[in-house]
Amino acid sequence: MKKYRGIFPALVTPFDEKGRVDADRMQRLVEKNLRQDVAGFYVGGSTAESYLLSMDERKYALEAVMEAVQGTEASVIANVGVFATEHGLALADHARRAGVSAISSVPPFYFPFCMEEYIHYYNTLAERAQMPVILYNIPAMSGVTFKKEDIQRLFENENIIGMKHTSYDLFQLQQLIQEYPEKNIFIGHDEILLCAFSVGAEAAIGSTFNFMAEKFVRLLKLMNEGKQREALKLQDQANRVIQVLCEVGVFKGVKAALKFQGYDCGLCREPFLPLSKREERRLYETLLENDCL
Ligand code: MN9
């Protein structure tokens, strides 16, 4: 089973001035991140505003990424989660043909399904998509909390090769890493990356890597060299930025930060509203103070 290691930006979806998915901007963003030594990309997740995109737009954005990574070592993981299993399978089929390394999926949401239904969903995906599957545990957004027993049942399926853990529960994370050394447990909250790697995580998927990959790649290097205190300084810097992002709205904040860095990816799609001038200024100053510009 493939072991994923390193930093995987959960890519934003760049839009042009008219609000259309912009493949050129996507490719520039991917290339910038590749220069900063990321290990791969997570495409079509929450950060990508996937649930504000049409199915065709989701496919188009993924194709733009696949083109940009051609000839590199980068692994691409595509989130295919949507409401209905059949639609998820259609996205999975497209992702497989596009050449991704694995698919991932949020649990189907909005309707409160029962755990049996979620488990059936993931097993169906793993069987029918003919691709490795990575669970996406994000209780704050999906409304679904996977208990350890639920994850254990899902991990019995050997095509389910891991999980993106976007939760602050480090106890659960550590237990899973210990019990399933062969699975891939990605930390999905950038602000606790150092904590997660301290308890054995080896890979991270996050939205702030779009514009802070360099900082986090350096942080991992320091940790590997045993320089925990220096690594903590970088996490502290990043967390000051993330605090502001959480206040102004993470996804629109990430896009604003990219624009300040010269990578205009447009605005988030409505109903998201742009940052106010005040929020922009506060973000800009925080980025400057923390070595991000
Ligand atoms: O992909 C992201 N999760 C969400 C992972 O956006 C829900 C994280 O990178 C967070 O945005 C970040 C801020 O809480 O850790």
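Here the structure is a predicted model, which is why all the values come from computation and not from measurement. Numbering of ligands and ligand atoms starts at 1, following listing order. Numbers here are sequence positions counted from 1. For the numbers below, each heavy atom of this structure counts, side chains included, while hydrogens, waters and symmetry mates do not.
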Hey, can you pull the donor-acceptor pairs under 3.5 Å for the side chains in residues 172-180, sequence neighbours left out?
residue	atom	partner	partner atom	Å
Gln172	NE2	Phe146	O	3.1
Glu179	OE1	Gln152	NE2	3.0
Glu179	OE2	Lys148	NZ	3.3

| task | Evaluate the side-chain proximity of Phe211 to Leu287: yes if any heavy-atom separation is below 4.5 Å, no if none is. | result |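 Leu287 reaches Phe211 side chain to side chain.
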
Suppose I only count heavy atoms of [X] and a 4.0 Å limit; which atoms of ligand 1 are within that range?
| X | value |
| --- | --- |
| Thr166 | 3 (N) |
| Met141 | 7 (C) |
| Phe251 | 6 (O) |
| Ile138 | 7 (C) |
| Gly206 | 1 (O), 5 (C), 9 (O) |
| Val250 | 11 (O) |

| atom 15 (O) of ligand 1: nearest protein contact (heavy atom, Å) |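 Nearest protein contact, heavy atoms only, for atom 15 (O) of ligand 1 is Glu191 OE1, 2.5 Å.
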
| query | Got the closest protein heavy atom to atom 11 (O) of ligand 1, with its distance? | reply |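 Nearest neighbour among protein heavy atoms for atom 11 (O) of ligand 1, to 0.1 Å: Ser207 OG, 2.7 Å.
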
Using a 3.5 Å cut-off on N or O atoms only, is [X] in polar contact with ligand 1?
| X | answer |
| --- | --- |
| Lys164 | yes |
| Ser46 | no |
| Tyr136 | no |
| Thr208 | no |

Go through the side-chain N and O atoms of [X] and [Y] and say whether any donor and acceptor fall under 3.5 Å apart.
| X | Y | answer |
| --- | --- | --- |
| Thr145 | Lys147 | no |
| Tyr136 | Ser142 | no |
| Tyr51 | Ser46 | no |
| Asn137 | Ser167 | no |
| Gln235 | Asn239 | yes |

| message | If the test is side chain to side chain donor-acceptor pair (under 3.5 Å), which one of Arg58, Lys255, Arg269 qualifies with Glu49? | response |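 Only one option passes, and that is Lys255.
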
| Residues in salt bridge (charged side-chain N to carboxylate O under 4.0 Å, His left out) with Asp150, at least two apart? |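 Per chain and number, Asp150 pairs via salt bridge (charged side-chain N to carboxylate O under 4.0 Å, His left out) with no residue.
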
Which bit of [X] is near ligand 1, meaning a heavy atom under 4.0 Å away: side chain, backbone, both or neither?
| X | answer |
| --- | --- |
| Asp190 | both |
| Tyr42 | neither |
| Leu245 | neither |

| query | Within less than 4.0 angstrom of ligand 1, does Gly188 place any heavy atom? | reply |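 Distance cut 4.0 Å: Gly188 passes for ligand 1.
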
| is_close_aromatic(Phe209, Phe8), centroid dist under 6.0 Å |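 Centroid distance Phe209-Phe8: not below 6.0 Å, so no.
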
